[in-house]
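What follows is a single structure, written as structure tokens, with notes after it.
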Amino acid sequence: MSSDVSPRDRFVTIYGRKPVLEALADYDLRVDKVVIAEGSSGPAVNDIEELAADRAVRVQRASAHRVKVLAGNGRHDQGVVADVLAPRMRPLVDALADPATAPRNLLLLDGLTTPANVGMILRTATAAGIDGVVVPHRGVAGIDPLVVKASAGIAFHAPVLRAGTAGEAAERLTDAGYPLFALDASATDNLFESEFGTRAVFVLGSETAGLSEEVRERIADRIKIPMHGGVESLNVASAAAVVCFEVACRRGR
């Protein structure tokens with residue numbers, strides 16, 4: 001891993017008193033530090049400080065404004081944020097650095113802003129053994145307590161790869177030789193009949209806006225999940241599950 005990796009590419013920042021308490025109480029997680037807004041008090045804050053002390057986790061006090069900036073959410077931080085180490089999270093550039101160990105099958109999220117969808121996708125991809133899920137810092141829901149909750153905690157352990165935007169990730173992936181496949185209900189090619197080769201990226205776009213222009217121009221092919229019974233399409237998280245386990249099934253053959 002690069003020596004100059006940003007903390008944003010190593011840690012999940014969570015906010016809110018209950019999520020921070022739950023993280024501190026989970027000894028399978030490594031909490032790097034807790035930041036509490038000056039003037040914050042009460043039983044929950046006391047419990048946070050005690051649990052942090054028991055685990056030798058650093059606790060810092062900062063202005064309420066600073067805590068809001070760290071949380072990236074001014075309405076729900078409740079004066080507390082914490083950085084939790086995500087052991088499988090790393091920059092996409094690092095994952096692609098060595099062709100011999102580079103991931104084979106990836107998901108690329110493009111414009112997915114609903115935390116529940118992102119969380120469920122992370123859980124499904126991890127369960128299916130997908131090598132990586134590219135979650136850009138911009139244009140996609142951040143990995144926050146809502147995403148963690150939707151993933152049932154798996155977001156901390158998911159193989160997340162970070163990039164600035166989906167467009168930047170698409171460019172880097174195509175330059176590295178990965179074909180990009182977009183899910184499209186109107187496509188001609190069928191997911192279950194298409195050949196993807198040994199390495200492939202499956203792009204999941206926004207249900208409202210679709211793919212961004214930067215990503216669209218780099219798509220190698222569009223594939224569909226065949227629908228029956230008058231159903232036009234699946235929710236993006238459900239579609240991701242179908243793709244993930246089709247990939248897992250092919251690996252097992």
Side-chain angles (χ1 to χ4, degrees), residues 88-112 117-136 139-140 151 154-155 157-207 210-227 233-253:
R88 300 179 69 190
M89 181 186 289
R90 55 179 172 158
L92 175 62
V93 62
D94 284 2
L96 302 179
D98 183 355
T101 59
R104 292 173 294 171
N105 300 115
L106 299 166
L107 302 182
L108 169 59
L109 308 190
D110 180 18
L112 299 186
N117 284 334
V118 174
M120 288 187 283
I121 289 169
L122 291 178
R123 181 175 178 82
T124 299
T126 303
I130 296 298
D131 295 327
V133 182
V134 183
V135 184
V140 173
S151 75
I154 296 301
H157 309 285
V160 175
L161 304 177
R162 307 311 301 260
T165 66
E168 292 172 11
E171 179 179 7
R172 191 173 296 278
L173 286 162
T174 52
D175 287 350
Y178 288 80
L180 270 58
F181 296 91
L183 292 181
D184 185 342
S186 63
T188 301
D189 293 334
N190 184 319
L191 167 69
F192 305 116
E193 299 172 353
S194 298
E195 291 298 326
F196 307 121
T198 57
R199 299 195 301 176
V201 179
F202 301 93
V203 184
L204 303 171
S206 164
E207 289 181 305
L211 301 182
S212 62
E213 181 60 34
E214 296 84 357
V215 173
R216 189 181 302 116
E217 63 188 16
R218 292 183 176 272
I219 296 298
D221 195 9
R222 294 177 180 272
I223 53 176
K224 67 180 179 182
I225 297 171
M227 297 283 108
S233 63
L234 297 175
N235 163 275
V236 66
S238 298
V242 174
V243 171
C244 288
F245 282 98
E246 172 64 13
V247 171
C249 182
R250 294 190 188 200
R251 282 186 174 182
R253 290 174 186 169

Name every donor-acceptor pair, under 3.5 Å, that has one atom in a side chain of residues 117-130 and the other anywhere in the protein, sequence neighbours excluded.
{"residue": "N117", "atom": "OD1", "partner": "N235", "partner atom": "ND2", "Å": "3.3"}
{"residue": "R123", "atom": "NH1", "partner": "S151", "partner atom": "O", "Å": "3.2"}
{"residue": "T124", "atom": "OG1", "partner": "M120", "partner atom": "O", "Å": "3.0"}
{"residue": "T126", "atom": "OG1", "partner": "L122", "partner atom": "O", "Å": "2.7"}

What I'd like to find out is whether the side chain of [X] reaches to under 4.5 Å of the side chain of [Y], using heavy atoms alone.
X: D221; Y: P179; result: no
X: I223; Y: L183; result: yes
X: R162; Y: L92; result: no

Got a list of side-chain donor-acceptor pairs under 3.5 Å for residues 188-202, not counting sequence neighbours?
{"residue": "N190", "atom": "OD1", "partner": "F192", "partner atom": "N", "Å": "2.8"}
{"residue": "S194", "atom": "OG", "partner": "N190", "partner atom": "O", "Å": "2.7"}
{"residue": "R199", "atom": "NH2", "partner": "A176", "partner atom": "O", "Å": "2.9"}

message = Any salt bridge linking E246 with R250? Criterion: basic side-chain nitrogen under 4.0 Å from a carboxylate oxygen.
response = yes
remark   = In this structure, OH of Y178 is separated from CG of N105 (nearest 0.5 Å) by 9.0 Å
Rounded distance (nearest 0.5 Å) linking atom CG of L96 with atom CG of L173 = 5.5 Å
request  = State whether the side chain of D131 and the backbone N or O of R104 hold a donor-acceptor pair below 3.5 Å, judged by distance alone.
outcome  = yes
query = Would you say the side-chain atoms of D110 pair up with the backbone N or O of A166, donor to acceptor, closer than 3.5 Å?
reply = no
request  = Walk me through it: do R218 and V203 pass the test side-chain contact (heavy atoms from CB on, under 4.5 Å)?
outcome  = CA-CA 11 Å; R218 292 183 176 272; V203 184; over 6 Å; no
Can you see which heavy atom on [X] is nearest to which on [Y], and at what distance?
X: A95; Y: P103; value: O-CD, 3.4 Å
X: V140; Y: G111; value: CG2-N, 3.8 Å
X: G167; Y: V215; value: N-CG2, 3.8 Å

request  = Applying side-chain contact (heavy atoms from CB on, under 4.5 Å), run through E171 and T165 and close with a yes or a no.
outcome  = CA-CA 10 Å; E171 179 179 7; T165 66; over 6 Å; no
